[in-house]
4 protein chains.
Amino acid sequence: MTSQKRSEARKEQILKAAEKVFAKNGFHEATISGVAREAGLSDATIYEYFSTKEELLFSIPRETTRRGMERMAGYLKAIRGAGNKIRTIIYHYLLFYQNDPDYASVVMLVLKSSRKFLETEAYQVIREGFRGILTVIQEGIDSNEFRPDTDPYLVRQMILGVMEHIVIRWLLLGKPKDLLQYADPITDMILGGIENRNPTQGWDLHIRLEPQGGVGGEAGPQVSKAKRKGSSRKKP
Amino acid sequence: MTSQKRSEARKEQILKAAEKVFAKNGFHEATISGVAREAGLSDATIYEYFSTKEELLFSIPRETTRRGMERMAGYLKAIRGAGNKIRTIIYHYLLFYQNDPDYASVVMLVLKSSRKFLETEAYQVIREGFRGILTVIQEGIDSNEFRPDTDPYLVRQMILGVMEHIVIRWLLLGKPKDLLQYADPITDMILGGIENRNPTQGWDLHIRLEPQGGVGGEAGPQVSKAKRKGSSRKKP
Amino acid sequence: MTSQKRSEARKEQILKAAEKVFAKNGFHEATISGVAREAGLSDATIYEYFSTKEELLFSIPRETTRRGMERMAGYLKAIRGAGNKIRTIIYHYLLFYQNDPDYASVVMLVLKSSRKFLETEAYQVIREGFRGILTVIQEGIDSNEFRPDTDPYLVRQMILGVMEHIVIRWLLLGKPKDLLQYADPITDMILGGIENRNPTQGWDLHIRLEPQGGVGGEAGPQVSKAKRKGSSRKKP
Amino acid sequence: MTSQKRSEARKEQILKAAEKVFAKNGFHEATISGVAREAGLSDATIYEYFSTKEELLFSIPRETTRRGMERMAGYLKAIRGAGNKIRTIIYHYLLFYQNDPDYASVVMLVLKSSRKFLETEAYQVIREGFRGILTVIQEGIDSNEFRPDTDPYLVRQMILGVMEHIVIRWLLLGKPKDLLQYADPITDMILGGIENRNPTQGWDLHIRLEPQGGVGGEAGPQVSKAKRKGSSRKKP
DNA sequence: CATGAATGAGAGTTCATTCAT
DNA sequence: GATGAATGAACTCTCATTCAT
């Protein structure tokens with residue numbers, strides 16, 4: 001038990017060191033020696049806990065991701081409304097990375113481009129998180145909060161896309177200083193594109209012009225009126 | 001003259017080989033020997049044209065980017081309306097990558113995470129292209145096509161973010177098969193979030209003349225009225 | 001402790017091998033592989049102890065020179081008289097090289113022509129040794145053992161010059177077989193040029209019997225008297 | 001004829017360039033490309049005139065040495081007295097190197113440590129020159145100008161040793177600024193060790209033993225007394 | 001457990017040299 | 001005669017990884 005715990009702690013210590021070193025240098029430019037030095041251990045000790053350099057890399061997101069997901073789930077439990085949930089997701093996603101730039105670097109600059117990482121257990125956890133976003137969106141569609149023709153996959157791609165783009169810019173260029181300032185604007189823009197707009201004022205006027213031999217007893221144009229907060233988007 | 005040309009051709013040949021090899025293996029896993037083999041040349045010959053492996057990598061986007069930018073500029077010249085221009089940009093951006101997956105791989109998976117690449121001449125060309133997007137957005141704001149509170153930087157980040165995200169997914173997962181299918185949906189969603197939709201005054205009267213087997217058994221012209229701040233969406 | 005010692009021993013082992021290999025082939029013609037083979041180690045192990053080939057080369061004289069200097073200092077302590085000290089220096093200098101031809105080769109044929117070596121720590125030790133020669137000469141001047149118009153720098157250059165010349169000839173041509181046979185003649189010649197010869201007591205009476213057509217029209221034996229303090233020149 | 005001459009000129013041009021480049025970088029650090037660049041030619045052209053890099057190196061001293069020797073021989077022809085000849089040799093030797101530091105560098109720092117160079121035709125010329133020094137010394141011994149117990153080989157080694165030492169110091173350290181300032185001191189010291197020495201102070205006692213039929217009214221030995229601090233040094 | 005020490009396996013570079021033009 | 005282009009052949013150096021202690 002104690003031994004297990006100590007071992008766990010050592011692993012954590014190595015992972016923290018690895019995170020730092022990989023973040024700074026990337027995977028290939030980083031060395032096991034560097035990680036060992038950072039961890040205050042010997043090279044060989046690293047190999048007591050991780051079988052290869054690559055396994056060490058792929059182990060970094062395992063715990064952190066799981067914890068992040070859990071935390072996110074906790075936040076979401078208290079939130080009502082798909083839009084609000086999305087806002088929360090975006091906010092905490094950015095907050096999460098902002099609070100741990102090393103982790104952000106490893107994930108965004110090292111792992112994200114790795115084919116092998118996709119086959120990793122850790123990535124499956126992330127995938128699940130991503131599926132969660134999908135669920136929220138679908139929830140919003142079902143509850144009529146989002147427009148029924150919303151494509152959940154596309155929306156998710158937009159959400160992830162912008163966030164990744166911003167985080168990477170932040171990592172590489174240091175801009176913007178504060179990631180969180182983008183949380184709301186991004187959310188607004190995303191939601192702006194998908195939220196159902198109930199007509200708060202004005203009317204849609206539909207006039208039906210019937211041919212001379214009219215159907216039923218009705219003749220002349222038919223006018224239908226509907227309060228709307230209209231979006232006139234029509235997919236082909 | 002001939003010598004200059006042959007040298008240029010050889011360079012191109014090496015770059016093509018490098019593109020292929022780097023795309024397949026990434027930068028570090030790729031070897032000069034591999035590139036040389038692919039190019040049908042000796043290792044040493046590679047070094048006659050590019051001083052280091054890194055220089056070879058960074059040289060890949062130089063010409064291609066320039067040409068891509070030029071072509072894009074050509075397309076845009078014929079387009080009127082900021083929205084249409086954005087649609088064009090997105091479409092051709094995706095088309096461009098779809099037509100050259102190796103190039104896409106190198107740019108998206110190898111170069112995009114490189115701090116050093118940002119200081120490269122080639123990247124400056126790309127930056128300029130990115131600035132162009134900004135200009136188009138601003139143009140849309142100025143012409144009242146886009147909402148006045150549009151943040152051009154944010155919009156650009158959304159555009160680039162989704163596209164990058166989609167291209168990377170395509171590269172790593174092979175999904176979607178056809179990148180272009182996303183061009184319009186993305187554009188619509190982006191524009192949906194920024195196009196002016198507030199009726200500034202009066203009413204738009206839409207009259208739809210339906211064939212006899214009309215909607216809901218109804219026939220005749222349909223008139224729809226919507227308060228609006230006009231959207232000029234035109235599909236190509 | 002043990003580890004430190006073993007490491008030191010390994011370093012020594014590598015240095016010995018390097019000395020041998022560099023002596024035989026010179027710096028550039030020698031390879032790390034060759035040194036490793038000679039040392040019975042792998043190439044990589046060499047680099048565990050010396051960061052570059054050049055550092056390995058420059059490390060060769062570090063210890064040896066220090067030890068040589070120390071030993072020399074010990075010998076000199078027991079010697080009285082600047083002339084005797086110089087004799088001792090020359091003798092042991094030659095003895096030192098004769099006993100370690102590989103070392104001699106490295107120093108005389110490889111290091112001596114190296115601009116970079118001059119900026120080396122090891123060279124500073126050598127410089128100090130050279131300064132010591134200067135001190136001895138000055139001592140001889142001060143004690144009136146050497147002529148007061150002696151230029152210590154010049155004398156030192158002569159001493160070093162001949163010795164280097166002889167050692168190099170010995171290395172390249174194998175002549176003379178025994179370096180030490182030159183120790184005394186060299187010393188005598190050097191001292192012959194600088195020792196004070198003021199007669200401290202009595203007179204030397206030189207009588208020259210000239211043929212009839214004598215100097216200055218004079219004929220008959222010529223007697224020359226010179227005050228002297230005998231020179232210790234002993235030709236075999 | 002013209003073609004032969006042009007070829008000779010080209011060779012000379014390459015040699016000059018090589019001299020410069022080898023002097024600056026040493027043999028191994030220098031490249032054929034560097035020589036070609038310096039000569040304003042292509043690499044391949046170098047190989048039209050010299051079959052290998054090494055042959056190029058060894059060709060440098062061929063002409064120069066021959067010319068130097070010839071000139072030296074010319075100077076010596078006009079000089080009487082072995083001491084004076086040695087002074088001349090030392091002076092012109094230093095002058096020669098001082099006037100062409102690149103050549104000095106190549107000879108002193110590159111060729112002098114080369115075993116292979118010793119088997120070179122060019123070196124044979126140098127050897128002959130060295131033999132000349134020996135001859136002069138022997139001449140001095142025979143003429144009683146030098147002490148009969150002088151070891152010509154040793155003296156030559158001293159002469160060459162100091163000069164080499166000084167020239168190398170000059171090349172590597174830039175000291176002394178003016179090589180020639182050492183010409184006389186060196187000569188004096190060398191000669192000081194081997195010249196037949198007149199009493200330096202005190203009295204010369206000359207006794208003239210006259211034949212029986214004495215000259216004038218004087219009879220018996222004539223003694224002339226002269227205070228002197230004799231140096232038999234004669235500057236040219 | 002921890003590690004010092006050792007190394008196998010390569011990779012990137014460099015250049016002297018060749019040869020067709 | 002001159003050279004642009006190409007390359008074979010090394011060599012230095014780096015590191016992830018292993019293993020005896």
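So that the names make sense, note that chain A is the first sequence line, chain B the second, and so on, each numbered from 1. Computation of the quantities below employed the complete heavy-atom set of this structure, encompassing side-chain atoms and omitting hydrogens, waters and symmetry-equivalent molecules.
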Check: Using a heavy-atom distance cut-off of less than 4.0 Å, which residues of residues 109-118 of chain A contact DNA chain F?
Finding: none

Could you report the tightest heavy-atom contact between [X] and [Y], atom names first, then the distance?
X: B:Ala122; Y: B:Arg62; value: CB-CG, 3.8 Å
X: C:Leu118; Y: D:Leu173; value: CD1-CD2, 3.7 Å
X: D:Ile14; Y: D:Val35; value: O-CG1, 4.2 Å
X: B:Asp43; Y: B:Ser33; value: OD2-OG, 2.7 Å
X: A:Phe117; Y: A:Ser114; value: N-OG, 3.1 Å

Next item on the list: Could I get the full list of side-chain hydrogen bond (donor to acceptor under 3.5 Å, both in side chains) partners for B:Glu63, not counting sequence neighbours?
Entry: B:Arg66

Next item on the list: For C:Thr31, check side-chain hydrogen bond (donor to acceptor under 3.5 Å, both in side chains) against everything at least two apart and list the hits.
Entry: none

Distance, rounded to the nearest Å, where [X] contributes [atom1] and [N] contributes [atom2]:
X: A:Arg37; N: E:dA2; atom1: CZ; atom2: P; result: 19 Å
X: C:Lys11; N: E:dA5; atom1: NZ; atom2: C1'; result: 14 Å
X: C:Glu29; N: F:dA10; atom1: CD; atom2: C1'; result: 13 Å
X: B:Phe50; N: E:dT13; atom1: CZ; atom2: P; result: 13 Å
X: D:Ile46; N: F:dT3; atom1: CD1; atom2: P; result: 9 Å
X: C:Glu55; N: F:dC13; atom1: CD; atom2: P; result: 10 Å
X: A:Leu41; N: E:dG4; atom1: CG; atom2: P; result: 10 Å

If the cut-off is 4.0 Å, is [X] near the phosphate of [N], judged by side-chain N/O to OP1 or OP2?
X: A:Arg10; N: E:dA2; value: yes
X: D:Ser42; N: F:dT3; value: yes
X: A:Tyr49; N: E:dA2; value: yes

Check: Quick check: does any side chain N or O of D:Thr52 sit under 3.5 Å from a backbone N or O of D:Glu55, one acting as donor and the other as acceptor?
Finding: yes

Notebook entry, point to check: Quick one: does A:Lys53's side chain have a donor or acceptor within less than 3.5 Å of a partner on A:Ala30's backbone?
Noted result: yes

Next item on the list: Using a 3.5 Å limit on both pairing distances, list the dot-bracket string of DNA chain E from the 5' end; Watson-Crick and G-U wobble pairs count, crossing pairs take [ ], interstrand pairs take |.
Entry: .||||||||||||||||||||

Notebook entry, point to check: Cationic tip of B:Lys11 within the cone over B:Phe50's six-membered ring, i.e. under 6.0 Å and within 45° of the normal?
Noted result: yes

Tabulate below the donor-acceptor pairs under 3.5 Å that side-chain atoms of residues 18-26 of chain C make, not counting sequence neighbours, or state none.
| unit_1 | atom_1 | unit_2 | atom_2 | d |
| --- | --- | --- | --- | --- |
| C:Glu19 | OE1 | C:Lys16 | NZ | 3.4 |
| C:Glu19 | OE2 | C:Lys16 | NZ | 3.1 |
| C:Glu19 | OE2 | C:Tyr103 | N | 3.4 |
| C:Lys20 | NZ | C:Glu38 | OE2 | 3.3 |
| C:Asn25 | ND2 | C:Val21 | O | 3.3 |

Next item on the list: Encode nucleotides 16-21 of chain E as B, S and - characters from 5' to 3', where the letter depends on protein heavy atoms closer than 4.0 Å: B to the base, S only to sugar-phosphate, - to neither.
Entry: SBBB--

